[in-house]
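Chain letters run A, B, ... following the sequence lines, proteins first, then strands; residues in each count from 1.
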Amino acid sequence: MANIELDIWRGEWGLASIDLECLKVLTYMKFIGVPVKVRESNNPFFTPKGRLPVMRDGRTVLTNFEEVVEHLKSLHYNTDVHLNSKEAAEASAFTQYLRDKLYPAYQYAWWVDEKNYNDVTRPTFAKCLRIPFNFFYPSRYQNAAKEMIDALYGEHTDLREIEKTIYSEAEKCLKTLSDRLGESEYFFGNRPSSFDAIVFAYLAPLVKAPFPNGTLSNHVKGTANLARFVARINQKNFRHVTDEYNKQNAKKQSTGSQSDREAANFPNQTRNKILAALFAAIAMTGYAVANGMFQELKDFEHSRDYNEMFENEEEDN
Amino acid sequence: MPEFNLSDSIITSLNAQEPWPDNVKLYQPYEVEQILLPDNASCLAVQAFLKMCNLPFEVEMRWNAEFMSPSGRVPFIKCGAFVVSELEPIVQFAANKGVTLCAQLSTEEKAEMRAYMSLITNVLVNAELYISWLDNDTYNAVTRVRNSSVYPWPLGWLQTRQKRNAVAKRLKALHWHEKSLDQVLADVEQCCNSLSQRLGDKDFFFGTTPTELDALIFGHVFTIITTRLPCRRLAETVRRHETLVSLAKRIDERYFKRP
């Protein structure tokens, strides 16, 4: 029996993971029902390629979605058995289409749009990572996203132009997806395939993440059958995650009084106050010593002894 | 959002009032000495599309075609007061004038067509760029010579290096730079597999009349199998898919042979 472990970024807002690639792999595994031990490691530092997710199965270490699908296929776990070769070709074409049109928009909304980045993305990632990693990983991802947008749309110099072009391409892509899905439950028949996992991974964060600049999110939510698609998969496969999130949310809202909420946000208030006072006292003492104030006191003491010595001598004389 | 739609719709309505003019010119780099594999494929694809639509045009060759183009990429057409570059915008432009090849397709088929066109742009175009610019044999023997042939010596060297850096940066951002030649060819193989699966043994991808997808495939497949490069493997990989090769030959017979 395979012993599969998966390291991912943790989830937020009712999602199982905040990262696109991790969510792809997780959703796919949920579809097949393969037993996997999921670990929210939140630390890409020790990974072979410098990014999560990382799937370990005995000796094999795999880092991206396609490799994972291949590997699971070799272990005879496969969701795509019900696709004939034409549908498989179509699925691969559509995957490329998403990567061409939707992925730049996704990266733009998450990393390049300044307001979204500062208000949502960076705090979320910073919460996951420990010091010192939370200083450089978010900015590294931001630079990678900016470079990609530059490579694809570099000839426009105005960021707003680029934003308009990217979002309009993405909207066309969403419309195409919606046309393809129609009223059916999944994209290829009644059973989920790897393509459904990919689409869910793209759309779910856009639906759930509370972006201030939510053009793309609004468009996804506005496309009825795509929103239903996301909700359906969430219900079926990620119910425990959404339930937990809803419980947490309800708890935060039910603690009505200000002090209670403050206590929830700052659990160690007293301890922090004492530490702060101690730190201030040490700092001030150190400054005093450095300035020689104690030296003066000492001099005063010494001078008294010195006078006493002379007093005695004078008396002798 | 409203800003964008308004200007777009103004252009569309201005466009639709005029029929296709007689003196449309298609600009591309010199075919014999200068043009490179990826550009040649794009130019052929656009030419095929215009021929399929029965829209008359003339080919004009300029050494600085890529700088004349509004988006920096060839080919581009000058149609009355409008300059439009690259296949997708040109298809849109023709559609605004009421000329389209995919009128009889259902919305689902149109969606499929767009997906396949994306597949080609993502895989074949990047593979062509990779082989022309990042594969050392091809770069030294073919690309560098052809690209700098139109400039006097020091400028040619600088220009080619600059272009190479730009292409490398783009491929790096799309995660193609770190692929080995074998991986690139494997991707091309998979892409061609998908395409020939979908084509089956039909004449064209969607029925008996060609669409812009057929034009795009023709452009790339024909260029790849007829260009002689030091690295033969790309041509061999594509040539193995006989349905695609026969599609390219069929389109060539029908639209490009002079009577």
* Asked: Taking B/Lys110, B/Gln197, B/Glu112 one by one, which has the highest count of heavy-atom pairs under 4.5 Å against chain A?
  ->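 Of the options given, most contacts go to B/Glu112.
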
message = Can you list the residues of residues 96-103 of chain A that sit under 4.5 Å from chain B, counting heavy atoms only?
response =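 The stretch touches chain B at A/Gln96, A/Tyr97, A/Arg99, A/Asp100, A/Lys101.
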
Return yes when atom [atom1] of [X] has more than 12 non-hydrogen atoms of other residues, nucleotides or ligands closer than 6.0 Å, and no otherwise.
X	atom1	result
A/Arg232	CZ	yes
B/Lys202	NZ	yes
B/Glu88	CD	no
B/Glu242	CD	no
A/Glu185	CD	yes
A/Lys175	NZ	no
B/Lys78	NZ	no

Can you tell if the side chain of B/Arg198 reaches within under 4.5 Å of the side chain of A/Glu90, non-hydrogen atoms only?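 A side-chain contact under 4.5 Å is absent here.
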
Salt-bridge present (A/Asp150, B/Arg170; N to O < 4.0 Å):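 No, A/Asp150 and B/Arg170 are not salt-bridged.
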
Exercise. Hey, what do you get for OG (B/Ser118) to CD (A/Glu169), rounding to the nearest 0.5 Å?
Worked result: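 One gets 8.5 Å once the value is rounded to the nearest 0.5 Å.
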
Report the distance from atom NZ of B/Lys172 to atom CD of A/Glu147, rounding to the nearest 0.5 Å.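 Answer for the NZ-CD pair, B/Lys172 versus A/Glu147, is 8.0 Å.
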
So which part of B/Glu109 gets closer than 4.5 Å to some heavy atom of chain A, the side chain, the backbone, both or neither?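 Nothing of B/Glu109, per the 4.5 Å heavy-atom cut-off to chain A.
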
Is it the backbone or the side chain of B/Glu108 that comes under 4.5 Å from a heavy atom of chain A, or both, or neither?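 Interface part for B/Glu108: side chain.
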
Point to revise | Over all atoms of both residues, closest heavy-atom pair of A/Thr176 and B/Ala111 | key: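 Result for this residue pair: CG2-CB, 3.0 Å.
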
Inset, instruction - Check B/Tyr116 against A/Ala89 and note the closest heavy-atom contact, atom names and distance. - result: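 Looks like OH-C, 3.6 Å.
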
